[in-house]
Amino acid sequence: MDAALEKRQVERAYELYAPVYDFIFDWIFAPGRVAAVKHLDIQRGDSVLEVGIGTGLNLPLYPPACRLTGIDLSAEMLDKAVERVQTLAMPNVTLKVMDATSMDFADDEFDKAVATYTISAVPDPVAVLREMRRVVKPGGVLVTLNHFRSERRVMGWLEDLVAPLCTRLGWKSNLALGPLLAAVGLEPEVVARANMFNGWRLVKCVNRK
Ligand SMILES: C[S@@+](CC[C@H](N)C(=O)[O-])C[C@H]1O[C@@H](n2cnc3c(N)ncnc32)[C@H](O)[C@@H]1O
């Protein structure tokens, strides 16, 4: 299956999810969201990029004194984020439809970048993390929050087993953390467990260039 086809699959999947996404995913993933934004340690004036911002469920967690840019491939998901920005009256937020594998930003444009529940939902996670590294300044912070393939044998095997079904639904159930970070040259400063059954991992890295 070629990457272009996968990208269309993701677009189609999130076009369908957009109207019901918040209803299903808000409360389940809320504790991880709080932890992810906290680990960004946002300072006054920081320029922050949120990759795959979706419907903008993280928006209420950002301090007003930062400049936030949110991008997403799905116009339907982003429409919901636009509504949320208006409801929350956040003039410090800019939203753009953009493919995270080829971002429209200059090198070193942001202080920090975050992707929550996104890295396993993109067709090419390595390309997305490479782009995040490119647009974040040297010494800046990268935070990802995601479900990664379990290192436990049985669980990992189960995640491999359901992978074809999950791919059809729009995400990867068996994305392995170690090889992913190695492929983009990142070393984690923090790996913390999050959410129900500690099934998700929050990974904080410093962008050493
Ligand atoms: C599971 S949702 C997570 C949304 C949001 N980050 C959250 O925490 O609720 C994954 C998001 O990634 C977006 N996405 C998938 N591939 C993308 C890409 N190549 N570039 C930008 N966004 C992408 C999808 O459109 C979707 O909104």
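Just so we're clear, the structure is a prediction, and the values are computed from it rather than from any experiment. Heavy atoms only: backbone and side chains are in, while hydrogens, waters and symmetry mates are out. Counting starts at 1 for both ligands and their atoms, following the listed order.
A donor-acceptor contact closer than 3.5 angstrom links the side chains of Glu50 and Tyr62.
Of the candidates Asn58, Val122, Ile53, the one placing a heavy atom closest to atom 16 (N) of ligand 1 is Val122. Evaluated by nearest non-hydrogen atom to atom 6 (N) of ligand 1, the leading choice among Gly54, Ala18, Gly52, Ala30 is Gly52. Within the set Leu73, Asp72, Val10, the minimum heavy-atom distance to atom 25 (O) of ligand 1 is found for Asp72.
At a 4.0 Å cut-off, at least one heavy atom of Met98 sits close enough to ligand 1 to count as contact. Not close to ligand 1: Phe25, with no non-hydrogen atom less than 4.0 angstrom away. Within the structure, ligand 1 lacks Ile71 among the residues with a heavy atom less than 4.0 angstrom away. Residue-ligand proximity: Arg33 is placed with a non-hydrogen atom under 4.0 Å from ligand 1.
Classification of Lys80 and Asp72 as a salt-bridged pair fails, no side-chain N sitting under 4.0 Å from a carboxylate O.
Atoms of ligand 1 found under 4.0 Å from any heavy atom of Ala121 (numbered from 1 in listed order, with element): 10 (C), 15 (C), 16 (N). Here is the list of ligand 1 atoms found below 4.0 Å of a heavy atom in Thr116: 3 (C), 5 (C), 6 (N), 7 (C), 8 (O). Remark: ligand 1 atoms within the under-4.0 Å shell around heavy atoms of Ser74 are 25 (O). Near Tyr117, with a cut-off below 4.0 Å to any heavy atom, the atoms of ligand 1 are 1 (C), 2 (S), 3 (C), 8 (O), 10 (C).
Within 6.0 Å of NZ on Lys209 lie more than 12 heavy atoms contributed by other residues, nucleotides or ligands.
Between Asp99 and ligand 1, a contact under 3.5 Å exists for at least one N or O pair.
Criterion: ILVMFWY side-chain heavy atoms under 4.5 Å apart, direct or through other members. Under it, Leu73 and Ile53 are part of a common hydrophobic cluster.
Using a distance-only test at 3.5 Å, with no hydrogens or angles considered, a donor-acceptor pair links the side chain of Asn92 to the main chain of Cys66. When atom types are taken as modelled, the side chain of Asp124 and the backbone of Ala127 share a donor-acceptor pair closer than 3.5 angstrom. In this structure, Thr101 contributes its side chain and Asp99 its backbone to no donor-acceptor pair below 3.5 Å. Distance alone, capped at 3.5 Å, is enough to place a donor-acceptor pair between the Asn146 side chain and the Ile119 backbone.
Here the closest heavy-atom approach between residue Cys166 and residue Ser173 is recorded as SG-CB, 3.7 Å. Residue Cys205 comes nearest to Leu186 through the heavy atom pair CB-CD2, 3.9 Å, listed as atom of the first residue, atom of the second, then distance.
The side chain of Tyr14, and not its backbone, has at least one atom closer than 4.0 Å to an atom of ligand 1 (non-hydrogen atoms only; side chain from C-beta on). At a heavy-atom cutoff of 4.0 Å, ligand 1 is contacted by no atom of Trp171, backbone or side chain.
Closest to atom 9 (O) of ligand 1 among all protein heavy atoms lies Tyr21 OH, 2.8 Å. Shortest contact from atom 12 (O) of ligand 1 to any protein heavy atom: Thr118 CG2, 3.7 Å. Closest to atom 20 (N) of ligand 1 among all protein heavy atoms lies Ala100 N, 2.8 Å.
A perpendicular orientation is assigned to the rings of Tyr17 and Phe25, their planes being inclined by more than 60° (bins at 30° and 60°).
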